[in-house]
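Quick notes on the structure that follows.
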Amino acid sequence: MHGFNYELCPWGKHPVENIQERALKLLDQYRKKLTLYRTNTLLVPLGDDFCYISIDEAEAQFQNYRMLFDYVNSNPSLNAGAQFGTLDEYFRTLRGKSDRINYSLPVEVGSDQVGDFPSLSGDFFTYADRQQDYWSGYYISRPFFKAVDRVLEQRLRAVEIMMASWRTYCQRAQREKLPTGFAYKMTTAMGNLVLFQHQDGVTGTAKYHVIWDYGTRMHNCLQGLQIFMSKAIEVLLGIRHDKSDRNPSQFESEQVRSKYDVQPEFKAINAREGTSQYVEFSNPLEQSREEIAMPIVNMPDVTILDSNWTCVRSQASSE
């Protein structure tokens, strides 16, 4: 096609009248793809991310395919038939004369009117690519990183609430302001969480080195957010007042992640007879909730007390 740089032939050849050769090659590809399905009707999406960015280019695509389909339909010896179809969403887009049309060609079946085009609707999964490769694995592929994605989202939500509480506390008590480094950690975590929502990120269809980059980013963000949460708890409880205090936080996460691609380990509370250990719970939701908490301790003979030093019913169980 002339006039569309991204559609130029990669071998530098000019357009030629090769309808028969191209039609037979296209039909051969369709028949190979048909072996992946149990019916004798094949739905073939046409285009990619950068097709149909203008009406002119969509029309040029349509005219080329129409010549190929006309050749197939006019030769009964090929024992095949081809026609255009469109999906409901793109049918409406075309009628609205949008400047951008994606993934679907206009349809023509015996009429030049858009309103006469056949429209397909429903569930079109599962797409088949080649051989036995079906595009369904992204629902369950790389489940570990899907889980890390949810953990980062939950942790980020908790940090947002803690940051708002910190700012309110500092304004009322005229305490130190929030260090800019903590705000940077939060915005970085937001960016990396959004980055992982890429079509090849959370789906798990990216290559290994890309997944390594995603995983490393999320792991580092989780580490940074945990530092913020530990110090925010100290400020809100009145334990730490000076932001220049470089001492380690008195609060540690119950889960420790040593690497980006390993399961977290639960850290046991080192309880000793005659001493007390503090466990802080954070509720990132907007309403109160009740659920069973299961802290891990290194000995079964412990008593659980609430913030008022009232005994809480508890049960000890071994792993």
Side-chain angles (χ1 to χ4, degrees), residues 137-163 165-166 181-182 184-198 200-237 239 247-272 277-285 289-300 302 304 314-319:
Y138 50 80
Y139 289 113
I140 56 175
S141 60
R142 293 192 168 108
F144 175 83
F145 293 102
K146 286 179 170 61
V148 174
D149 172 66
R150 296 297 298 273
V151 171
L152 178 57
E153 183 180 13
Q154 296 167 0
R155 188 71 54 83
L156 189 57
R157 171 62 176 165
V159 167
E160 288 175 342
I161 293 179
M162 284 190 175
M163 179 174 287
S165 300
W166 186 334
F182 290 156
Y184 174 78
K185 291 180 185 296
M186 191 179 75
T187 55
T188 301
M190 288 179 176
N192 287 327
L193 178 65
V194 172
L195 184 65
F196 189 63
Q197 307 313 307
H198 185 270
D200 288 323
V202 69
T203 58
T205 56
K207 295 182 179 180
Y208 174 78
H209 70 277
V210 180
I211 290 294
W212 173 87
D213 182 67
Y214 284 137
T216 302
R217 287 172 178 267
M218 290 192 293
H219 174 75
N220 293 337
C221 289
L222 285 172
Q223 300 295 93
L225 293 180
Q226 184 54 49
I227 295 175
F228 169 81
M229 293 179 68
S230 300
K231 296 189 176 182
I233 291 174
E234 291 184 344
V235 171
L236 295 175
L237 294 179
I239 299 176
N247 293 328
S249 173
Q250 298 183 27
F251 292 92
E252 297 178 306
S253 174
E254 67 168 345
Q255 294 185 7
V256 178
R257 294 177 178 269
S258 58
K259 292 179 59 180
Y260 80 97
D261 58 350
V262 298
Q263 291 284 359
E265 297 180 359
F266 287 84
K267 192 169 184 177
I269 299 174
N270 187 21
R272 298 187 302 275
Q277 299 284 342
Y278 292 90
V279 178
E280 291 290 331
F281 294 95
S282 175
N283 178 18
L285 301 182
R289 59 173 176 163
E290 292 184 2
E291 65 179 57
I292 298 177
M294 295 183 291
I296 300 177
V297 295
N298 62 341
M299 57 185 299
V302 296
I304 308 298
S314 61
Q315 174 181 322
S317 61
S318 59
E319 295 183 352

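Judged purely by atom type and a 3.5 angstrom limit, S230 has no side-chain atom pairing as donor or acceptor with the backbone of S253.
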- Message: Using side-chain contact (heavy atoms from CB on, under 4.5 Å), reason through F196 and M218 one step at a time and then give a plain yes or no.
- Response: CA-CA 9 Å; F196 189 63; M218 290 192 293; 3.9 Å; yes
- Item | Audit row: R157, Q154, side-chain contact (heavy atoms from CB on, under 4.5 Å) steps and yes/no | CA-CA 5 Å; R157 171 62 176 165; Q154 296 167 0; 5.7 Å; no
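Pairing each heavy atom of A316 with each of P300, the nearest pair is CB-O, 4.1 Å. A232 approaches M162 most closely through the heavy-atom pair CB-SD, 4.2 Å. When all heavy atoms of A271 and M299 are compared, the pair lying nearest together is O-SD, 3.3 Å. When all heavy atoms of G201 and I211 are compared, the closest pair comes out as O-CD1, 4.2 Å. Smallest separation of non-hydrogen atoms from Q197 and L193: NE2-O, 2.9 Å.
One distance of note links CG of L225 with OG1 of T188; it measures 9.0 Å at 0.5 Å rounding.
For E280, the side chain to side chain contact (heavy atoms under 4.5 Å, CB included) criterion is met by I233, L237, F251, not counting sequence neighbours. Residues satisfying the side chain to side chain contact (heavy atoms under 4.5 Å, CB included) test with A268, not counting sequence neighbours, are I296. Applying the side chain to side chain contact (heavy atoms under 4.5 Å, CB included) rule to N220 yields the partners T216; only residues at least two apart in sequence or on another chain are considered. Taking the side chain to side chain contact (heavy atoms under 4.5 Å, CB included) definition, one finds that F144 meets it with V148, R257, Q263, sequence neighbours left out.
The salt bridge (Lys or Arg N to Asp or Glu O under 4.0 Å) contacts involving residues 200-215 comprise D213-R217, where partners must be two or more places apart or lie in separate chains. Residues in residues 137-150 take part in these salt bridge (Lys or Arg N to Asp or Glu O under 4.0 Å) pairs, two or more places apart or across chains: R150-E153.
A donor-acceptor pair shorter than 3.5 Å can be found between the side chains of R155 and Q226.
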